[in-house]
Structures are given as structure tokens and as C-alpha cells.
Amino acid sequence: MLVVNGTLITWESPNRILLNHAMLVRDGKISEIGLQDDLLKRYPDEERFDARHRYVMPGNICAHTHFYGAFSRGLAIPGAAPADFPEKLSKLWWPLDRSLGLEDVHYSALVCLVEAVRHGTTTLVDHHASPNAIEGSLEEIAMAVEEAGVRASLCYEVTDRNGAEGTRAGIRENLRHIDSVNKNANRKGQIGALFGLHASLTLSEATLDACREACPDSIGFHIHVAEHPVDEYDSLEKTGLRVIDRLNKHGMLGPQSLIIHAVHVDLREIEQLAETSTWVSHQPRSNMSNAVGLPMVESMLRAGVKVCLGNDGLSNAMWEEWKTGFLAHKLLNLDPRRLPAETMVQMAIYNNAELINSQLGIRTGVLAAGAEADFMAVEYYPFTPLTTDNLPWQMIFGFHESMITDVVVAGKVLMQNRELKTLDEEKIALEAQKLIPGVWGRFNQQFNEG
Ligand SMILES: [Zn+2]
């Protein structure tokens, strides 16, 4: 396939914007980028993908999400509104995840993936919970990911909040998925695995030991850390250690592990994240929605921590996350110089790509010969000069997900001219609607009981 008539934004380092260039795609990879006239002459019979004078750039990557939260959209929480983050867990997320069966898990993933493809998000790192349907839940998600044609890293959140058998079942589901990733050659580079943990505050010392022992050395952990101060105080009370010290003691940090939020970590915890090359993912919309504060991401980056960008399940439209983060850190610090757009690029483009490439053993997030053919076309007509220097600001102020017209992953067209090719959005939405009375009924039942 020869991608023609597009302006290529490569996101190499340094970035390049290539006019009059075409891109040859073979066997799911970008095999060559060169002047369009030259490539058209050399490959006259190659099937053409017409980018219609749009910008062609790598697909977006989401470093942390929760497909299982999809059915919370429009759901009313009985009683008084949650007053803080711990109440949001106990009044919304935990009753919701307990209400999911395997089919609900499958469809909650599919509705998220429809949105991901529409919004050019081609690779996602998911963190899953469905305490009453643990066994096989990651396979339901993996099948949805395959159907959509995107890439994803999956894990099941181990937690002690559903009793000892729930803890054990969570560990087993992570191991089952890790085994399936290792054995399933068809999914190589498409589906990866981390070992999921909820958060320090719902995990005992014995459970952390059991997870460390069960998890293969080649697989990292994926855990929420210090989203709210209660996580730090719980850890101090249980062990005398702050959360990152505690995870370090259990051998759970390192270049494969991914820490989520890190809003309330202290300076020594940040140092340890840098020293161990542990990844951190930042979710500004979630932090604002939960009113938990914002992490010191600029200081973390300066300290050498690899900070990425995720969405925590708040819609798979990553530029919304860019814009929110860009604004939120300025307001928080009462300083318009904070978190400039190029810092957002460092997190969302370069660090996200490095994270996913290390997890899936691929090269995505860049347009270059040898990289995966994962890209999108963006219908953007700049009315000021667009350069590599000002592109991050053009994106923050000018790019919208509605401008994304085409999405390709591994050389396969997932959306062309805004028409989805792998997923039937209307059918998936109708099927999801059929499941909602059951899910919301089981959700509400828990409030009636207790
Ligand atoms: Zn999360």
C-alpha cells in the first residue's frame, strides 16, 4: 500500500514534517518513506491509499485506561454525591465493577474501542476489574481488541477488597493472560501483558508477596499510586513506609513497571521512580474530576522520571487529555509558563511510544522505515504557518479528534473517510444498551442491600 497525497508528520526525534512525500507499507510495516514522485515511479502498480491532502501522523497512544468503566456513562449514583475520591471508589467504581459479567466486560471494551478508533487512539494500556467475572475476563477484552484491530496491553487488578478467593482469582487471571500472550503467536506485537494491582490501600503485605512471587521477572506491575493522600496514610499505618518505598521493598518497581497518578508522592519517592526507571502515567482529566490534585510532572521529568499520558477511562480522545493537562498545570501554579506544549509532546508522543514499544516489543509511535504502519490522517487546514517548532501549540489549540478521518494499524485500515471498517458502531451500541438494565440493576441492588 502506498500512502499518497498526505503531509507526513513523522514524530521522529527531532520531528520532521514532510511535504510531497509518500509512504510505502508492506506486511504491516512502513517499508519506505520517500518523495512521492519517486515512489510512484518505482511502485506504479502498488495499491494507493489517498490521504487527500491531510496530515498523516502516528496514531495516539494511551498509557492508562479502564475499559470496564464505560457503562458508568449516564449512571446515577444513589444518595448523596461522593464527597471525595475514597467515596467515589465505594459509591461508584466498586459497585460498578462488581456488576459486570463476562459479556458486559466484552461490550464495555468494544464501546471504548469504537471511540478509540474514531479518535485515532491506536494503542492502549488497560487496567481491568470485574470481581464477579474474573476468570476469562482478559480474554474477553483481548478478543475485542483483536476485533477492533488496535493494540493493547492488558492486566487484571489484584485487590484484597473481595476476599481471599477474589485475590487468588485476580492473580490467576494475570498469569493466565501472561501465558496466553507468550503462547499466542498471532497476537505478537498486538496484545501485551502487565501484572495488575489495584492500589497499595487494598493490598496486604502477604498479597504483595504472593504477586511478586507469581509474576515472571520479564513482566512489570501496573498499579495506582497515591491518587489520594489516603493511599500514603494507609501504607504508613500498615507498614511504616510510604507507597513507593513499600513497592520498592517488594521488588515491584523497575523499567517494566507502570505507576499510575503519583499525585501525592514525596521527593524521595520521585527519586526512587527515577533510580529504578519506573514509568509513571499522568491523567489530568481524571485528577481534576476526582479533585485529588495534580502530580508534579514537570519536576518528575526533570528528575529523570519517564512520565507518560493516559486517560483513566475518561473517553479515548487523547488530545482532550493534552489540552486539559496544558491548562490545568497553569491554573494550579498560577503561571502560564507551566507545562508548555512541548512537555506534553514529551509525555504523550515520545514517552508513550517508548513505554508501549518496550511492552509489546515493537516500534510504533513514529513514521519511519521499519516502524509499524500505525497512523492516522487529520483534516487540519492551518491558517498560520505550521512548523515542527509550533506544531505542539497548533495541536493544543487547533487539533480536534473530529478532524481524524482515517486510522490504520499494522497496515490494516480501521477507519477510512470517517467510516469504521472493523467495528459496527451502531450494532455495538445497541448490544451494549441491551446489557445496561442488568448492569445498572445489579449496581443499584447493592445500595438497596446496604
Ligand atoms: Zn486508573
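One-based numbering, in listed order, for ligands and for the atoms of each. Only a predicted model underlies this, so the values are computations on that prediction, with no experimental measurement involved.
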**Prompt:** Within the stated cut-off of 2.8 Å, is an N/O/S atom of Glu227 closer than that to the Zn ion (ligand 1)?
**Reply:** no

**Request:** Please find the N/O/S atom of Asp312 nearest to the Zn ion (ligand 1) and write down its name.
**Result:** OD1

**Prompt:** Pick one: which of Arg151, Arg187, Lys412 meets salt bridge (Lys or Arg N to Asp or Glu O under 4.0 Å) with Glu146?
**Reply:** Arg187

**Item:** His261 near the Zn ion (ligand 1) via N/O/S, less than 2.8 Å
**Value:** no

**Prompt:** Heavy atoms, side chains only, cut-off 4.5 Å: are Glu103 and Leu435 in contact?
**Reply:** yes

**Asked** To the nearest 10 degrees, how large is the angle at the Zn ion (ligand 1) between His224 NE2 and His66 NE2?
**Response** 100°

**Message:** When you measure from the Zn ion (ligand 1) to the N, O or S atoms of His64, does any of those distances fall below 2.8 Å?
**Reply:** yes

**Distance-only donor-acceptor check, side chains Thr167 and Asp160, under 3.5 Å** = yes

**Asked** How about Gln283 and His64: does a side-chain donor come under 3.5 Å of a side-chain acceptor?
**Response** no

**Request:** State, with a plain yes or no, whether a side-chain heavy atom of Arg268 is found less than 4.5 Å away from one of Arg242.
**Result:** no

